[in-house]
Amino acid sequence: MHTQDLPIVDCPKAPRARGQAHGEALRGVIAEKIERWQAAIGKSYGQPAKTFLPAFLTATDFRPAVAEFTPELLEEVHGIAEGAGIAEETAFALQLMDEEWWFGKTKGDGHCSSLAIAPAEGQPTLVGQTMDLPRWHDHAQALLRLKDGDNETLVYTSAGMVGLMGVSSRGLGICVNTLSQLATSRRGLPVAFAMRGALAQANAEAAAAFLSRVRHASGQNYQIGDRQGVRTLECSAGGAAVLTVENGRSLHTNHPLASTDAAPGAKMEGSSNSRNRLRSLHTDFARSRPVDLDRIKTALSACRKGGAVSMVPKGPANAHTKLGLMKSMTVGAVIYEIGETVSLSVAAGPPSVEGWKKITLRQG
């Protein structure tokens, strides 16, 4: 996917209609993605999707938490299924990316890198990340433009999902990264719904309160920013741990920095790759000069040995080889500038090789 080809789907306010618009606009992309996803399940878990997915959905019970905390998103998922012409259970399972990983015992600790920079004199709040996923997500990238009266929200997603990360014209932006070391729950709120539920809040304080209140299904770090400042929460089945943001800068990769709610047998120090990426971010923000959009683009484009923040795929993607299908790559990068105006800079692939596009959100 190239940034210039990134589809933007306009979605109405009503939840079911919102999902229908998403599903209809990306119907072919969703169908192709499901084929790649099902092939990847067989490669990853040693059993076909037709047996793995029913076992996964039977052994877990996420719907009550979704119905309790984000009921409108259940309607949106129904709409996606209708618009895309797929079974509702398939559409629901598509939302459970992080949960599928820990249920299937996928090896590795994820590869996303995120940051949040508090506002300073002449500099707005800045929140950004690289989104690193298995390569079969490539060519499914999309932006959802959610309309709500005079305001709008832009959500970066993989086709068929309610969202990966996003920013609203109210002045709230959220980025995420997986923390596979933390405790999970088969009855908690899945990450995609938790992110969208937090993004629907009025400000960072309310978003943090929402994430502190819900029952979480998966370990996940949430970087939250609004016009007043930034907050970072590491969430898990045991609750939310709030990180202290030092010097107005929060940098994070894929190992916990505050939470001690460990999954059984977890190595809380994370992988060398995660530690090296965090070191890379700290290197790029070590100097005291002001932070701006270009500096963040440079940090998210870094390809240092042993810990590339921007992950560029190598070789052809081949559904018949585990390497080509499952190897991670950066499927997108975002930077939110949240000041008097709110804007999204987006790259639809590894930012070290892919261009950026800037979109200013409409405000009421």
Side-chain angles (χ1 to χ4, degrees), residues 1-34 70-86 88 90-92 94-95 127-129 131 137-176 192-193 195-202 207 331-338 341-349 354-364:
M1 174 71 72
H2 297 296
T3 304
Q4 63 190 28
D5 301 321
L6 182 69
I8 301 177
V9 181
D10 286 308
C11 302
K13 181 177 180 179
R16 200 171 194 119
R18 193 164 60 209
Q20 289 169 339
H22 173 176
E24 289 172 3
L26 302 176
R27 177 185 282 248
V29 176
I30 292 170
E32 292 174 359
K33 173 186 164 179
I34 288 173
T70 57
E72 72 286 354
L73 294 180
L74 274 183
E75 281 295 299
E76 188 168 330
V77 172
H78 280 292
I80 291 171
E82 292 169 349
I86 60 177
E88 193 278 335
T90 301
F92 186 74
L94 274 175
Q95 315 307 317
V127 183
Q129 76 167 99
M131 175 58 68
H137 284 275
D138 195 21
H139 300 293
Q141 299 97 317
L143 269 179
L144 307 178
R145 182 185 282 123
L146 312 181
K147 299 177 181 178
D148 183 8
D150 291 332
N151 295 307
E152 66 181 10
T153 299
L154 289 176
V155 177
Y156 194 85
T157 195
S158 177
M161 293 184 67
V162 296
L164 298 170
M165 62 269 201
V167 62
S168 76
S169 62
R170 293 184 301 277
L172 176 65
I174 297 180
C175 286
V176 298
F193 298 103
M195 187 283 295
R196 279 286 303 276
L199 187 59
Q201 306 303 310
V331 299
V334 298
I335 305 169
Y336 316 137
E337 296 174 273
I338 305 172
T341 60
V342 179
S343 66
L344 162 70
S345 292
V346 59
E354 187 52 60
W356 292 85
K357 177 179 181 178
K358 187 170 182 176
I359 304 170
T360 299
L361 279 73
R362 184 186 65 189
Q363 296 173 253

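Not measured: the values here are computed from a predicted model.
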Fill in the blank from the handout: Only one of R145, R18, H22 passes side chain to side chain donor-acceptor pair (under 3.5 Å) with D10, and that residue is R145
Handout entry: Under 3.5 Å donor-acceptor, E152 side chain and R362 backbone
Key = yes
Handout entry: Residue pair E337 / S343, side-chain donor-acceptor N/O under 3.5 Å
Key = yes
Exercise for the section: Nearest 0.5 Å please: distance from the NE2 atom of H139 over to the OG atom of S158. Expected result: 12.0 Å
Practice task
Please examine the side chains of E354 and M1, heavy atoms only from C-beta on, and report whether any two atoms are closer than 4.5 Å.
Solution key: no
Problem - Side-chain donor/acceptor of T3 to backbone N/O of A348, under 3.5 Å - result: yes
Exercise for the section: Tell me, please, which residues at least two apart from E88 pass side-chain contact (heavy atoms from CB on, under 4.5 Å). Expected result: R63, V77, H78, A81, F92
Problem - Contact check, side chains of E76 and R196, non-hydrogen atoms, under 4.5 Å - result: yes
Problem - Side chain E75, main chain P15, donor-acceptor under 3.5 Å - result: no
Completion exercise
Smallest heavy-atom separation, G163 atom then V155 atom, equals CA-CG1, 3.5 Å
Practice task
Identify which one of Q201, M165, M195 satisfies the side-chain contact (heavy atoms from CB on, under 4.5 Å) criterion when paired with I174.
Solution key: M195
Exercise for the section: Output yes when a side-chain donor or acceptor of Y336 lies under 3.5 Å from a complementary backbone atom of G171, and no otherwise. Expected result: no
Exercise for the section: Please report the closest heavy-atom contact between V162 and Q95, naming both atoms and the distance. Expected result: N-OE1, 2.7 Å
Fill in the blank from the handout: On a heavy-atom basis, the closest approach of L199 and S168 is CD1-N, 4.2 Å
Fill in the blank from the handout: Applying side-chain contact (heavy atoms from CB on, under 4.5 Å) to T70 and not counting sequence neighbours gives V66, E72, L73, L189, F193, F210
Practice task
State, with a plain yes or no, whether a side-chain heavy atom of K357 is found less than 4.5 Å away from one of I8.
Solution key: yes
Practice task
Find out whether D148 and T153 are in side-chain contact, i.e. whether some heavy atom of one side chain is under 4.5 Å from a heavy atom of the other.
Solution key: no
Problem - Side-chain heavy atoms of V334 within contact of V167, under 4.5 Å - result: no
Practice task
To the nearest 0.5 Å, tell me how far I86 CD1 sits from I34 CD1.
Solution key: 4.0 Å
Handout entry: Non-hydrogen atoms of A347 and W356 that approach each other most closely
Key = N-CE3, 3.7 Å
Handout entry: Full working for side chain to side chain contact (heavy atoms under 4.5 Å, CB included) between V9 and T157
Key = CA-CA 11 Å; V9 181; T157 195; over 6 Å; no
Exercise for the section: Quick one: list whatever passes side-chain contact (heavy atoms from CB on, under 4.5 Å) with A159, sequence neighbours left out. Expected result: L26, V29, I30, A140
Handout entry: V176 and Q129, any side-chain heavy atoms less than 4.5 Å apart
Key = yes
Problem - Within-4.5 Å side-chain heavy-atom neighbours: Y156 and L344 - result: no
